[in-house]
Amino acid sequence: GSEMCIRDRLRGDAEFYIRSGYSIRVQIQDSYALIPSPLRDFGDMFKLDVEKEIMPYNLYTKANVSKKIIPTDVCIEACKKQYKNNNIGCDVNKDDEDEYVKKFMDNANKWNCITNKGINIIHYSSIYCKYDCDVLQKGYEKFQDWIKEVCDLDIDDYVSLPSVANEYLMKEGVYEGVYSVSCVTREFINMAMVGGRTMCAENKKHYIKGSVDDFDAVSLYPSAMKRLGGYLKGKPKLLATTEYDSIKNYDGYFVEIEILKVGKKYKFPLMSYVNEDKCKVWSNEMEGKKVVVDKTTLEDLIEFQNVEFKIIRGYYYDEGRNYKLGEVIEYLFNQRLKAKKDKNPIQAVFKLLMNSAYGKTLLKPIEDETPVSYTHLR
């Protein structure tokens, strides 16, 4: 018999009763929530001595799985197809393709999967999965050691990397004097949170033939947190006035405004609204529209788009900021640079911590909780 409790979607705890007075406790963890990298990257990420991933996934159709043993020539063609799938957008190298097939056949021979009728793909997959589990265990334990070294925390106590990063920030004093908000206040402030502009200029579609260059900025989340400096301290207060000159010097504010005029227009505007189809539209045509903005956004609208506006309502903060955030992020950033310079793979921890450090500050409301418990499973 056994008892199992699923605490959330990322972790479950179980106790299996072997005999009277003897049981085994098991924790089932979504490892991707803690280490957001595919298993195929674990070798490079953790500097593990692992076998190259050779798995022709397209071979495992419902029909083939029921047959179990598949002719060798069919398996080889599946390997070639898988190699092409793994290298979409790249020139297929015949030598590398042959090496992929050879490695598959070597594995099948080494794992005793070859019969006189073909290859036992079920036995192959079972051995392959065992090696995957070994790699996962070694990577998880290595990551656990790194987090212990950097944060003095045990990942077994947390269900996700944002939870680890949040605990680390708490431990470093980043949230001292800072309040969490809920209910109506949280809902209003959350309306000022807007995602990135994923579009081309003027939101026009383009059909491009040939190669496209991808330019990506470095450390966007950490650099934004460094520029922010720190989180607002104290409790939010209701605005007593809607005069901009009276509120512009507050440490922070979140206000609903009506846009009266847009003085300067851009191909990538700073403003957006949600249309009837619930899609976010970035637009210069915002006269008459009402939006919720924070202090930085409103100042940008004034400076870059010469917006004229009317403040309707909102909250403000006037108790300063806790500037520990900027210090901690700068420390993590510099430690990562040092680790990268030393070719130390622990640099990945610093990167992941920085990119996860904001996660818990944007939580949606937790409106209900449904505990699930299974007792005496057979």
Are side-chain heavy atoms of Lys324 and Glu176 found at a separation under 4.5 Å?
no
Those residues that, when tested against Thr61, pass side-chain contact (heavy atoms from CB on, under 4.5 Å) (two or more places apart)
Ala63, Asn64
Are any side-chain N or O atoms of Glu330 and backbone N or O atoms of Lys226, one a donor and one an acceptor, separated by less than 3.5 Å?
no
Pairs satisfying ring pair (Phe, Tyr, Trp, His ring centres under 6.0 Å), at least one member in residues 215-246, at least two apart
Tyr175-Tyr231, Tyr221-Tyr358, Tyr244-Phe309
Counting only pairs under 3.5 Å, give me each side-chain donor-acceptor contact of residues 72-79, with atom names and distances, residues two or more places apart or in other chains.
none

Would you sort out whether Glu319 and Lys233 count as a salt bridge (Lys or Arg N to Asp or Glu O under 4.0 Å), showing the intermediate values?
CA-CA 6 Å; Glu319 298 180 40; Lys233 295 168 66 176; over 6 Å; no
Kindly indicate, with the supporting measurements, whether the criterion side chain to side chain contact (heavy atoms under 4.5 Å, CB included) is fulfilled by Asn344 and Phe350.
CA-CA 11 Å; Asn344 188 339; Phe350 294 106; over 6 Å; no
Pairing residues for Tyr250 by the ring-ring contact (aromatic ring centres under 6.0 Å, His included) criterion, not counting sequence neighbours
Tyr316
Any residue meeting side-chain hydrogen bond (donor to acceptor under 3.5 Å, both in side chains) with Lys62, in chain and number order, not counting sequence neighbours:
none
Does some side-chain heavy atom of Ile69 sit less than 4.5 Å from a side-chain heavy atom of Ile119?
no
Is it the case that one hydrophobic cluster holds both Met193 and Tyr179, taking links as side-chain heavy atoms less than 4.5 Å apart, direct or via other members?
no
Before giving the answer on side chain to side chain contact (heavy atoms under 4.5 Å, CB included), spell out for Gln144 and Asp154 the whole-Å C-alpha distance, their side-chain angles and the decisive distance to 0.1 Å.
CA-CA 7 Å; Gln144 189 172 34; Asp154 187 346; 2.7 Å; yes
Who passes ring-ring contact (aromatic ring centres under 6.0 Å, His included) against Tyr131, sequence neighbours left out?
Trp111
Do Thr297 and Leu270 have side-chain heavy atoms sitting under 4.5 Å apart?
no
Kindly give the cluster partners of Val184, where membership spreads through any ILVMFWY side chain lying under 4.5 Å from a current member.
Val181, Phe188, Ile189, Met191, Leu232, Leu238, Phe254, Val292, Tyr315, Tyr317
Out of Tyr60, Phe104, Tyr57, which residue meets the ring-ring contact (aromatic ring centres under 6.0 Å, His included) rule with Tyr124?
Phe104
Could you state the interatomic distance from CG (Leu239) to CZ (Arg313), rounded to the nearest 0.5 Å?
11.0 Å
Which atom names give the shortest non-hydrogen contact between Ile312 and Thr242, and what distance separates them?
O-CG2, 3.7 Å
Residues in side-chain contact (heavy atoms from CB on, under 4.5 Å) contact with Asn109, at least two apart in sequence or another chain:
Ile114
Identify whether the distance between the nearest side-chain nitrogen and carboxylate oxygen of Lys102 and Asp106 falls below 4.0 Å.
yes
Tell me the closest heavy-atom pair linking Leu352 and Pro36, and the distance in Å.
CD2-CG, 3.7 Å
For a quick test of reading the model, state the closest non-hydrogen atom pair linking Pro345 to Met45 and the distance between them.
CB-O, 3.3 Å
Please determine whether the number of non-hydrogen atoms from other residues, nucleotides or ligands lying under 6.0 Å from atom CE of Met199 exceeds 12.
yes
Identify the heavy atoms of Met286 and Tyr273 that sit nearest to each other, and give their distance.
SD-CD2, 3.6 Å
For a side chain to side chain donor-acceptor pair (under 3.5 Å) with Glu97, tell me which candidate from Lys84, Lys80, Gln82 qualifies.
Lys84
For Val281 and Asn275, the nearest pair of non-hydrogen atoms, with its separation, is CG2-ND2, 3.6 Å
Can you tell me how far the CD1 atom of Ile155 sits from the CD1 atom of Ile147, to the nearest 0.5 Å?
7.0 Å
Between OG1 on residue Thr296 and OH on residue Tyr253, distance to nearest 0.5 Å:
8.0 Å
Does a side-chain heavy-atom distance below 4.5 Å link Asn284 with Gln305?
yes
When you compare the side chain of Leu301 with that of Met271, does any pair of heavy atoms fall below 4.5 Å?
yes
How long is the span from the CE atom in Met354 to the OG atom in Ser223, to the nearest 0.5 Å?
10.0 Å
Which ring pair (Phe, Tyr, Trp, His ring centres under 6.0 Å) pairs, counting each pair once, include a residue from residues 139-163, with sequence neighbours left out?
Phe46-Trp146
A cation-pi test, strictly: NZ or CZ of Arg336 under 6.0 Å from the centre of the six-membered ring of Phe333 and no more than 45 degrees from its axis. Yes or no?
no
Check this for me: does any side-chain nitrogen of one of Asp13 and Arg25 sit under 4.0 Å from a carboxylate oxygen of the other?
no
Ile54 vs Val101, side chain to side chain contact (heavy atoms under 4.5 Å, CB included): CA-CA, chis, key distance, verdict:
CA-CA 8 Å; Ile54 306 294; Val101 174; over 6 Å; no
Taking atom NZ as the centre, does Lys204 end up with more than 12 heavy-atom neighbours from other residues, nucleotides or ligands that are less than 6.0 angstrom away?
no
By the salt bridge (Lys or Arg N to Asp or Glu O under 4.0 Å) test, which pairs, at least two apart or in different chains, include something from residues 273-295?
Lys265-Glu285
Enumerate the residue pairs fulfilling salt bridge (Lys or Arg N to Asp or Glu O under 4.0 Å) with a member in residues 340-362, sequence neighbours excluded, ordered by first and then second residue.
Lys338-Asp342
Reported CD1-to-NE2 distance for the pair Ile127 and His123, which is rounded to 0.5 angstrom
4.0 Å
Give every residue pair that meets the ring pair (Phe, Tyr, Trp, His ring centres under 6.0 Å) criterion with at least one member in residues 282-301, sequence neighbours excluded.
none
Would you mind checking if Lys130 and Asp134 are paired as a salt bridge, meaning a charged N to carboxylate O distance below 4.0 Å?
yes
If you count heavy atoms of other groups shown closer than 6.0 angstrom to CG of Asp49, is the number above 12?
no
Would Ile257 and Lys310 satisfy side chain to side chain contact (heavy atoms under 4.5 Å, CB included), going step by step from the backbone distance to the final call?
CA-CA 5 Å; Ile257 63 171; Lys310 178 177 68 175; over 6 Å; no
Shortest non-hydrogen contact between Arg321 and Gly230, atoms and distance
NH1-O, 2.7 Å
Separation between CD1 of Ile329 and CD of Glu172, rounded to the nearest 0.5 Å:
11.0 Å
For the pair Arg186 (side chain) and Ser180 (backbone), establish whether a donor and an acceptor sit closer than 3.5 Å, ignoring hydrogens and angles.
no
For the NZ atom on Lys171, are there more than 12 heavy atoms of other groups (residues, nucleotides or ligands in this structure) within a distance under 6.0 Å?
yes
Would you say that Asn322 contacts Val174 through its side chain, given a criterion of any heavy-atom pair below 4.5 Å between the two side chains?
no
May I ask you to test the Leu169-Val328 pair for a side-chain heavy-atom distance under 4.5 Å?
yes
Salt bridge or not for Lys47 and Asp44, using N-O below 4.0 Å?
no
Contact check, side chains of Ile70 and Leu59, non-hydrogen atoms, under 4.5 Å
yes
